[in-house]
2 protein chains.
Amino acid sequence: MIDIRQMRYFVALAETLHFGRAAERLHISQPPLSRQIAALEKELGVRLLERGSRRATLTHAGRRFLEDARAVLAAYDQACRNARLADLGELGELSIGFMMHAAYTVVPRLTRRFVDKHPLVRIELREAVPSLLVDAVLAGRFDAVITFDPGPMRGVAAHRLHEERLCLALNPGHRLAGKAAVGPEDLPGEPLIAAPAEAVPTLHDAIVRYFRSGGIEPSFRLEAQLQQTVVSLVAEGLGIALVPASMSRIGYPDVVFRELEDAPSVAHVVAWRPANLNPALRPFLAEAGVPGM
Amino acid sequence: MIDIRQMRYFVALAETLHFGRAAERLHISQPPLSRQIAALEKELGVRLLERGSRRATLTHAGRRFLEDARAVLAAYDQACRNARLADLGELGELSIGFMMHAAYTVVPRLTRRFVDKHPLVRIELREAVPSLLVDAVLAGRFDAVITFDPGPMRGVAAHRLHEERLCLALNPGHRLAGKAAVGPEDLPGEPLIAAPAEAVPTLHDAIVRYFRSGGIEPSFRLEAQLQQTVVSLVAEGLGIALVPASMSRIGYPDVVFRELEDAPSVAHVVAWRPANLNPALRPFLAEAGVPGM
DNA sequence: CGGATCCATACCCGTTCGGTATCATGATCG
DNA sequence: CGATCATGATACCGAACGGGTATGGATCCG
């Protein structure tokens, strides 16, 4: 059987055209080299070098085999290197799911940092509503997801990435637009626009709790899954909304944002299945600041 | 050192995900396979399979390595196959020089037959005047050349490919255009157009000998290297010419061809240096009908 | 809980590889 | 033109490695 070693030997010999010097370069003595080359030629059934007494010359077949052997060796080295890189999580694929809102907060910077440090990992970024994300990570559809903190869950670990207060989004003509800060007691009966509990439970719950802390029951009027849609509907004068403060940084016309007294906050987390064996997950979590990664 | 064999073993194992079955497919028993795989993993420093008690599964790094190992094996097989093909002259390069005139006689068919039978040999076809061709073959510039027979030469073998008679090319208004056949005695003083002796010695000599066989000295008026040019000059009425009969098959306007009495003939030969080691030369010569090739 | 399945380990033997010593051959030089 | 040198091939030896059989340990299944 022809060996990688024999190819290495042949390439060294073809490059020096001198058995002694080639053997030296290979850190073996000359006779084994002669024998290995002879064995290679015999195995191939092809004479690769013409031995002159002063120097050897490649035959046509030898020239051809030199090129091909170099290609084999390159592929071989590549394969070994890639296996190690893949094991370290520096090479491979990583699929990340995230709620659309995170595209305005942590996703861009985190992605940028990760791809800068791990350029060989292909990242697949997919947007989804938060309630689907955690199920997807459990099902193995995503290696990690970025979403509002869903609380503790079996088989899923999570790490807090980002926290922001909710604020009030109003149409500029609204009666509360003149106030600097607003509390729950200012809001009874106000038509609310918010994401449905089934799609974004964490945020929905935070809003309900905030209202109830002031002894008030919220009255939801319109539902939309994305915060961007919610704010657009506010701009249209269809109601008010409690949205993450980062939404105020986007330049929406016909919307003003007001602080809430004792504003509730929502956290972004990165969540993953600890049993997930994708080696690229670890560097990603490290980049996200997860301790011990 | 990681071995081609270990890669083969790994691919077989990755394809069956079963040590016993993979070993069977490899015609070895299971323990050596286990050991080789373990050695491979140790060498790489990477776990490639997760051994379940019922079946094994590839790790991410293992999946990657499977792809790369397949690529290595493919390159390896390719290299071995190519070496054998190159040695048989079925793969490689062949440079053929030929006189332009042969493009109308033997070159097209010979080339077609050769490329049909030996599709992996890249042929480099180069036109040149006959006097340069034989020097070029001696210098190694061409592996073989096709030209008028230059006679025996040191270090060059030749084989006759094709023989054709010379005929007379005339302007239709010429006084001899009415004769069916012409002999040397009809030609004294006629202004001749022909290739120069330095460029096409064989043909030039044949023409001179033919005239002298009738006791006449030829009077050369114009010289051009290519037979096509010679005939074009005849069409223009600048003189007469003795050209290979195959020129008459090309539809030149304003030229008529007449047979010569006791017409001299010129041979096309393929010529090569017997010391030439290009394996592709032999099949080419075989295709050209050279005996013993 | 017992048997079956499957991979890992232990041990043996034959092959192969690399090393040293030496030979055959062709180039080089006085 | 013959002595010398350089180079690759061959002979032989000891160590390493690969493959084989026997067996152990873990897990799954009925």
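Per chain, numbering begins at 1; letters A, B, ... match sequence-line order. No experiment lies behind these values; they were computed from the predicted model shown. Scope of the values below: all heavy atoms of this structure, side chains included, with no hydrogens, waters or symmetry mates.
Going from atom CD of B:Glu41 over to atom C1' of C:dA8 covers 12 Å, rounded to whole Å. For B:Lys42 and C:dA8, the NZ to C1' distance is 15 Å, given to the nearest whole Å. With rounding to whole Å, B:Arg55 atom CZ is found 12 Å from C:dC6 atom P.
Between the side chain of B:Ser131 and the backbone N or O of B:Pro201 there is no donor-acceptor pair closer than 3.5 Å. At least one donor-acceptor pair closer than 3.5 Å links the side chain of A:Arg113 to the backbone N or O of A:Glu287.
Within the model, atoms CZ of B:Phe284 and NE2 of B:His118 stand 10.0 Å from one another, a figure rounded to the nearest 0.5 Å.
At least one side-chain heavy atom of B:Tyr76 sits less than 4.5 Å from a side-chain heavy atom of A:Ile2. Between A:Met293 and A:His159 there is no side-chain heavy-atom pair separated by less than 4.5 Å.
Taking 4.0 Å as the cutoff to heavy atoms of chain B, we find the contact window on DNA chain D bounded by D:dG18 to D:dC28.
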Next on the checklist: What does the B/S/- profile of nucleotides 9-20 of chain C look like, 5' to 3', with a 4.0 Å heavy-atom cutoff to protein?
Outcome noted: B-------SBBB

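Atom CD of A:Glu90 is surrounded by more than 12 heavy atoms from other residues, nucleotides or ligands within 6.0 Å.
Residues A:Asp68 and A:Arg64 are paired through a salt bridge, judged by an N-O separation under 4.0 Å between the basic side chain and the carboxylate. Salt bridge status for B:Arg21 with B:Glu15: absent, with no side-chain N to carboxylate O gap under 4.0 Å.
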